[in-house]
*Asks:* 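My questions all concern the structure below.
For the numbers below, each heavy atom of this structure counts, side chains included, while hydrogens, waters and symmetry mates do not.
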Amino acid sequence: MLNGTLVSFCGARLFVPEGHFCESILLDGLIPEYHVNAVFHKFVKTGDVVVDIGANVGFHTFALRQIVGDTGKVYAVEADIDNATAIRTSILKSGDTRVFLLPVAAGDTPGILTVATKERTNAAFSSQGESSNTLAVCVRLDDVIQDRVDFIKIDIEGAEISAVRGMTRILEARPVVASEFCPHHMQMLYGSDRAEEYLQFFFERSYICYYIMPSGDLEHLSNIEAALQKQRWARETLEVILIDLVFIPSERVAI
């Protein structure tokens, strides 16, 4: 049984597992990853359909749920069993009918993945079983989400490239995509550098890339090298191995 605490959060009753890495923040009534949350308020509106890929325990899910309102919808995609249980508990305790849990991994090849836990209720996915401790079903989101999607948040520990390749139909609707970007995680997961490939995926579809600053403001990154340089700058200056990006359809941007 998963132990934890229910807290009031963005109009919901959020279940916070004991020992979760954001436990103290959530128990204090604060919002984790403020800068990412600020991007939600820039691009998500009432009535939108949103997909939270790598929903963890749902703190972004329910923040998004509050923005989309009762005419919108949020899909929470989360393969880790403890995280998914926490989200399901929050949905039930909140009596929410507009959050839909998909307890699966998002990828481009349907099947079974092994899951290696990295830290409390935060997992990474790999096809290599020797270091893993449980299994997860992998699906193409194109096969399970039929709604027209307006906004996507994705943070799945380096597996983002596989996830977006499994939702090319969804991306035809031109949603805004907020994404964690960590070449180190990609290298660890795939055994090769997929960072440039991931950025190219969006640039070749006429998306404009921005760095999400700690304040929540956006800095335009004009090309792939600019994005890679920003990640290197963050590693050297801020001493973090990842950054958060937002990809905006070019037709919605005036540069």
*Asks:* May I have the list of side-chain donor-acceptor pairs in residues 194-202 shorter than 3.5 Å, sequence neighbours left out?
*Replies:*
residue: R194; atom: NE; partner: E197; partner atom: OE1; Å: 2.4
residue: R194; atom: NH2; partner: E197; partner atom: OE1; Å: 3.3
residue: R194; atom: NH2; partner: E197; partner atom: OE2; Å: 3.1
residue: E197; atom: OE2; partner: R165; partner atom: NE; Å: 3.4
residue: E197; atom: OE2; partner: R165; partner atom: NH2; Å: 3.2
residue: Y198; atom: OH; partner: S179; partner atom: OG; Å: 2.7

*Asks:* Given the rule in the side chain to side chain contact (heavy atoms under 4.5 Å, CB included) test, do I53 and M167 qualify, once you have shown the distances and angles that lead to the verdict?
*Replies:* CA-CA 12 Å; I53 306 172; M167 54 180 178; 3.7 Å; yes
*Asks:* Report yes if some heavy atom in the side chain of C209 is under 4.5 Å from a heavy atom in the side chain of F247; otherwise report no.
*Replies:* yes
*Asks:* Can you check whether G54's main-chain N or O pairs, donor with acceptor, with K153's side chain at less than 3.5 Å?
*Replies:* yes
*Asks:* Are V177 and F203 linked, directly or through other ILVMFWY residues, by side chains that come within less than 4.5 angstrom of each other?
*Replies:* yes
*Asks:* Answer whether the closest heavy-atom distance between the side chains of H185 and I241 falls below 4.5 Å.
*Replies:* yes
*Asks:* Is there a continuous path of hydrophobic side-chain contacts, each under 4.5 Å between heavy atoms, that joins L64 to F43?
*Replies:* yes
*Asks:* How about I67 and H41: do any of their side-chain heavy atoms sit closer than 4.5 Å?
*Replies:* yes
*Asks:* Group every Ile, Leu, Val, Met, Phe, Trp and Tyr by side-chain heavy-atom contacts under 4.5 Å, then state whether V253 and V44 land in the same group.
*Replies:* yes
*Asks:* Using a 6.0 Å distance limit plus a 45 degree cone around the ring axis, check whether R252 lies over the aromatic ring of Y207.
*Replies:* no
*Asks:* Say whether, by atom type as modelled, one donor and one acceptor occur between the side chain of S94 and the main chain of D96 under 3.5 angstrom.
*Replies:* no
*Asks:* Tell me every residue that passes salt bridge (charged side-chain N to carboxylate O under 4.0 Å, His left out) with R205, counting only those two or more places apart in sequence or in another chain.
*Replies:* none
*Asks:* Considering all heavy atoms of both residues, which atom of V39 and which atom of G216 are nearest to each other, and what is their separation?
*Replies:* CG2-O, 4.4 Å
*Asks:* For a quick test of reading the model, state the closest non-hydrogen atom pair linking H20 to F59 and the distance between them.
*Replies:* CE1-CE2, 4.1 Å
*Asks:* With sequence neighbours left out, write down each residue that passes salt bridge (charged side-chain N to carboxylate O under 4.0 Å, His left out) with R235, or none if nothing qualifies.
*Replies:* none
*Asks:* What pairs with E219 under side chain to side chain donor-acceptor pair (under 3.5 Å), at least two apart in sequence or on another chain?
*Replies:* K230
*Asks:* Run the salt bridge (charged side-chain N to carboxylate O under 4.0 Å, His left out) check on D150 and R174 step by step: do they pass?
*Replies:* CA-CA 7 Å; D150 302 291; R174 310 292 282 165; over 6 Å; no
*Asks:* List the atom pairs, donor and acceptor, that lie under 3.5 Å between side-chain atoms in residues 135-147 and the rest of the protein, sequence neighbours left out.
*Replies:*
residue: R140; atom: NE; partner: D143; partner atom: OD2; Å: 3.4
residue: D142; atom: OD1; partner: R169; partner atom: N; Å: 3.3
residue: D142; atom: OD1; partner: I170; partner atom: N; Å: 2.9
residue: D142; atom: OD2; partner: T168; partner atom: N; Å: 3.0
residue: D142; atom: OD2; partner: R169; partner atom: N; Å: 2.8
residue: D147; atom: OD1; partner: K73; partner atom: NZ; Å: 3.3
residue: D147; atom: OD2; partner: K73; partner atom: NZ; Å: 3.3
residue: D147; atom: OD2; partner: Y75; partner atom: OH; Å: 2.3

*Asks:* Provide the closest heavy-atom pair for A105 versus L113 in the form atom of the first, atom of the second, distance.
*Replies:* CB-CD1, 3.9 Å
*Asks:* Among residues at least two apart in sequence or on other chains, which ones pass side chain to side chain donor-acceptor pair (under 3.5 Å) with D108?
*Replies:* none
*Asks:* Parallel, tilted or perpendicular: which fits the ring planes of Y210 and H220, with parallel below 30° and perpendicular above 60°?
*Replies:* tilted
*Asks:* Does S8 reach the side chain of R13, with side-chain heavy atoms less than 4.5 Å apart?
*Replies:* yes
*Asks:* If you define the side chain from C-beta out and look only at heavy atoms, does anything of T71 sit under 4.5 Å from T46?
*Replies:* yes
*Asks:* Please tell me if the side chains of F62 and I91 come closer than 4.5 Å, counting only heavy atoms from C-beta onward.
*Replies:* yes
*Asks:* Step by step, would you call V50 with F40 a side chain to side chain contact (heavy atoms under 4.5 Å, CB included)?
*Replies:* CA-CA 10 Å; V50 176; F40 299 163; over 6 Å; no
*Asks:* Could you tell me if the ring centre of F181 sits under 6.0 Å from that of Y211?
*Replies:* no
*Asks:* Do the side chains of P17 and D82 get nearer than 4.5 Å, heavy atoms only?
*Replies:* no
*Asks:* Examine I81 and F15 and state if one hydrophobic cluster contains both, with Ile, Leu, Val, Met, Phe, Trp and Tyr joined whenever side-chain heavy atoms are less than 4.5 Å apart.
*Replies:* no
*Asks:* Search all heavy atoms of D244 against all heavy atoms of E180 and return the closest pair with its distance.
*Replies:* OD1-CA, 3.5 Å
*Asks:* Any side-chain to backbone donor/acceptor pair from E23 onto G19? Under 3.5 Å, distance only.
*Replies:* yes
*Asks:* For P32 versus F9, what's the shortest heavy-atom pair and its separation?
*Replies:* CD-CE1, 4.3 Å
*Asks:* Does the side chain of L245 reach to within under 4.5 Å of the side chain of I212, using non-hydrogen atoms?
*Replies:* no
*Asks:* Is there a path of hydrophobic side-chain contacts, each under 4.5 Å between heavy atoms of I, L, V, M, F, W or Y residues, that connects I87 with L92?
*Replies:* no
*Asks:* State whether R148 and D48 are salt-bridged, where the test is any N-O pair (Lys NZ or Arg NE/NH1/NH2 against Asp/Glu carboxylate O) under 4.0 Å.
*Replies:* no
*Asks:* If only atom types and distance count, is the side chain of N3 paired as donor or acceptor with the main-chain N or O of E18 below 3.5 Å?
*Replies:* no
*Asks:* Minimum heavy-atom separation for L189 to E157, with atom names?
*Replies:* CD2-O, 4.2 Å
*Asks:* Before you tell me yes or no, could you show the steps for I152 and V164 under side chain to side chain contact (heavy atoms under 4.5 Å, CB included), namely the whole-Å CA-CA distance, both residues' side-chain angles and the distance that decides it to 0.1 Å?
*Replies:* CA-CA 10 Å; I152 296 168; V164 296; over 6 Å; no
